[in-house]
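Below, read A as the first sequence line, B as the second, and so on, with proteins coming before strands; counting in each chain starts at 1. The model shown is predicted, which means the values in this text are computed figures rather than measured ones.
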2 protein chains.
Amino acid sequence: MTSHAEIERVAFRLFAEKGFVGTTLDDIAQAAGIGRRTLLRYYRSKNDIPWGQFDDTLDEFRNTLHTFDDRPLHEAVHLAVIEFNRFPAEAMAEHRVRMRLILTTPELQAHSVLRYADWRQVIAEYVAERTGSDPSALLPQTASQVALSLSMAGYGEWLSNDDTELSTVLEQALRTLHGYLEV
Amino acid sequence: MTSHAEIERVAFRLFAEKGFVGTTLDDIAQAAGIGRRTLLRYYRSKNDIPWGQFDDTLDEFRNTLHTFDDRPLHEAVHLAVIEFNRFPAEAMAEHRVRMRLILTTPELQAHSVLRYADWRQVIAEYVAERTGSDPSALLPQTASQVALSLSMAGYGEWLSNDDTELSTVLEQALRTLHGYLEV
DNA sequence: CACAATAATGGCACTCAGGGTCAAAATGGA
DNA sequence: TCCATTTTGACCCTGAGTGCCATTATTGTG
């Protein structure tokens with residue numbers, strides 16, 4: 001019996017050994033004891049393997065946003081982003097490995113915008129709903145783009161300091177933006 | 001004699017006819033009267049073809065930034081971004097086609113982060129220089145990420161309204177961010 | 001003008017990602 | 001146990017991208 005968890009365990013081991021590019025789908029399939037064709041049914045592409053079940057978390061993200069309906073809009077988004085990036089302590093080590101791979105491998109960096117497009121859409125829809133506008137309008141799009149850019153800046157900082165907290169750097173990124181825009 | 005301009009003219013015609021994905025490198029090479037191998041020496045990849053000589057514009061961008069050394073930091077970046085996106089009136093139609101292709105084709109959307117990485121780096125280095133910090137520090141990274149996110153939001157708006165000015169929407173995007181963060 | 005050095009070209013063969021098709025195998029009721 | 005429905009993986013194909021190398025410009029020099 002094969003599972004996503006098992007495949008990812010095997011894949012990450014190979015990525016660590018031979019690098020993402022240096023690992024072929026055949027390598028992963030063989031190491032996982034399944035056919036290459038089957039592997040590509042579990043994941044839409046090689047680039048999607050490191051993302052695991054990311055899409056499944058978006059529903060929860062949507063709910064989290066509505067948790068903050070009573071807060072000012074920008075604050076609601078900010079708090080929800082922080083909440084989205086909260087993981088149990090024992091999962092942080094794995095999350096670091098995963099995100100370091102994604103954010104340092106050019107192929108995966110590129111692919112990430114496609115995965116984050118849905119994430120941004122969740123924010124855009126929330127902002128649109130609260131402002132009575134269309135998700136494609138300038139405010140929802142700007143808010144979601146900026147939310148992503150702050151997350152990226154935060155993650156970069158987080159990955160370069162092993163002893164920082166994700167929630168802390170995301171907070172710092174927002175404060176940094178405030179300082180940058182006002183001074 | 002083949003030139004980048006000639007190749008791109010041929011390529012964009014084919015992209016318009018058969019779509020980006022539906023056009024093969026063989027199609028382009030054949031239509032341009034060159035070998036596929038040669039085409040891949042002119043452009044690092046199929047994804048790079050729509051970008052033309054983008055990298056060459058970065059030196060000018062760097063200079064433009066220093067034009068605004070006497071302005072507040074965030075203003076200097078903002079003005080330079082607008083200046084970077086100024087094109088002669090007769091070039092705007094082509095620029096629209098180019099950017100619409102890039103921003104609506106998933107493969108090219110993904111690839112764009114790799115191309116924009118160098119653009120962001122120019123901003124990060126400028127901000128680092130003016131604040132006496134490292135380009136990889138949080139402020140330079142945040143500033144460059146946000147500058148890109150505002151540009152993306154602006155371009156989205158620009159592409160959806162044929163009669164808007166690029167400089168206008170970029171201005172609007174920044175004002176929208178201010179409004180979003182303060183209200 | 002001729003000739004040598006250097007650069008550009010494109011043909012060939014190869015690896016790898018990804019997708020379509022289909023028969024075999026596993027699964028899960030009735 | 002038998003039938004129906006997924007799941008699997010083997011096979012084959014296309015297309016991007018790379019290394020290698022012989023051929024063909026191009027350019028500089030006498």
Trainee: How close or far is atom P of C/dA17 from atom CD1 of A/Ile28, stated in whole angstroms?
Mentor: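 Taking atom P of C/dA17 as the reference, CD1 of A/Ile28 is at 8 Å.
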Trainee: Are a donor atom and an acceptor atom from the side chains of B/Asp26 and B/Thr24 found within less than 3.5 Å of each other?
Mentor: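 No.
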Trainee: Classify the nucleic acid contact of A/Arg44 as base, sugar-phosphate or nothing, counting any heavy atom under 4.0 Å across all strands shown.
Mentor: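 Sugar-phosphate contact only - A/Arg44 comes under 4.0 Å of backbone atoms but never of a base.
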Trainee: How many Å lie between CG on B/Leu39 and P on D/dT18, as a whole number?
Mentor: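 It works out to 12 Å between those atoms.
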Trainee: Using whole Å, what does the distance between atom P of nucleotide C/dA17 and atom NE2 of A/His111 come to?
Mentor: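 It is 14 Å, rounded to the nearest whole Å.
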Trainee: When you measure from the side chain of B/Arg36, which nucleotide among D/dT18, D/dG9, C/dA17 comes out closest?
Mentor: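 The answer is D/dT18, which lies nearest to the side chain.
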Trainee: Counting side-chain heavy atoms from CB outward, which of C/dC16, C/dG10, C/dG18 is closest to B/Arg37?
Mentor: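 Among C/dC16, C/dG10, C/dG18, the one nearest the side chain of B/Arg37 is C/dG10.
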Trainee: Reckon B/Leu40 touches a base, only the sugar-phosphate, or nothing at all at heavy-atom distances under 4.0 Å?
Mentor: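 Base contact.
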Trainee: Without decimals, in angstroms, what is the distance between A/Asp26 CG and D/dG9 C1'?
Mentor: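 Roughly 12 Å, once rounded to whole Å.
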Trainee: How would you label the contact of B/Thr38 with the nucleic acid (heavy atoms, under 4.0 Å): base, sugar-phosphate, or nothing?
Mentor: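 B/Thr38: base contact, heavy atoms under 4.0 Å.
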Trainee: Specify the separation, in whole Å, of atom CG of A/Asp48 and atom C1' of C/dA17.
Mentor: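 Going from A/Asp48 (CG) to C/dA17 (C1'), I get 13 Å.
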Trainee: What contact category does B/Tyr43 fall into here, base, sugar-phosphate, or nothing, at under 4.0 angstrom with non-hydrogen atoms?
Mentor: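 No contact at all - B/Tyr43 keeps every heavy atom at 4.0 Å or more from the nucleic acid.
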Trainee: Taking 4.0 angstrom as the limit, do B/Arg98 and B/Glu8 come out as a salt bridge?
Mentor: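 A salt bridge is present here (some side-chain N lies under 4.0 Å from a carboxylate O).
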Trainee: Which label fits A/Tyr116 and A/Phe54: parallel for a plane angle under 30°, tilted from 30 to 60°, or perpendicular past 60°?
Mentor: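 Aromatic pair A/Tyr116/A/Phe54 classed perpendicular.
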Trainee: So A/His4 and A/Tyr43, would you call those rings parallel, tilted or perpendicular, with 30° and 60° as cut-offs?
Mentor: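 Correct class here is perpendicular.
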Trainee: With a 3.5 Å distance limit and no angle check, can you tell me whether B/Tyr126 reaches the backbone of B/Leu65 through a side-chain donor-acceptor pair?
Mentor: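 Yes, the answer is positive, given that a donor and an acceptor are paired below the 3.5 Å cut-off.
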Trainee: Quick one: does A/Arg41 reach the base of C/dG18 with a side-chain donor-acceptor pair under 3.5 Å?
Mentor: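 Under the 3.5 Å cut-off, the side chain and the base do not form any donor-acceptor pair.
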Trainee: How close or far is atom P of D/dA16 from atom NZ of A/Lys46, stated in whole angstroms?
Mentor: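 So the two atoms are 18 Å apart, to the nearest Å.
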Trainee: Rounded to the Å, how far apart are B/Phe20 CZ and D/dG15 P?
Mentor: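 Distance, rounded to whole Å: 14 Å.
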Trainee: Rounded off to whole Å, could you give me the CG-to-P distance for the A/Leu114 and C/dG18 pair?
Mentor: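 Taking CG of A/Leu114 and P of C/dG18, I get 12 Å after rounding.
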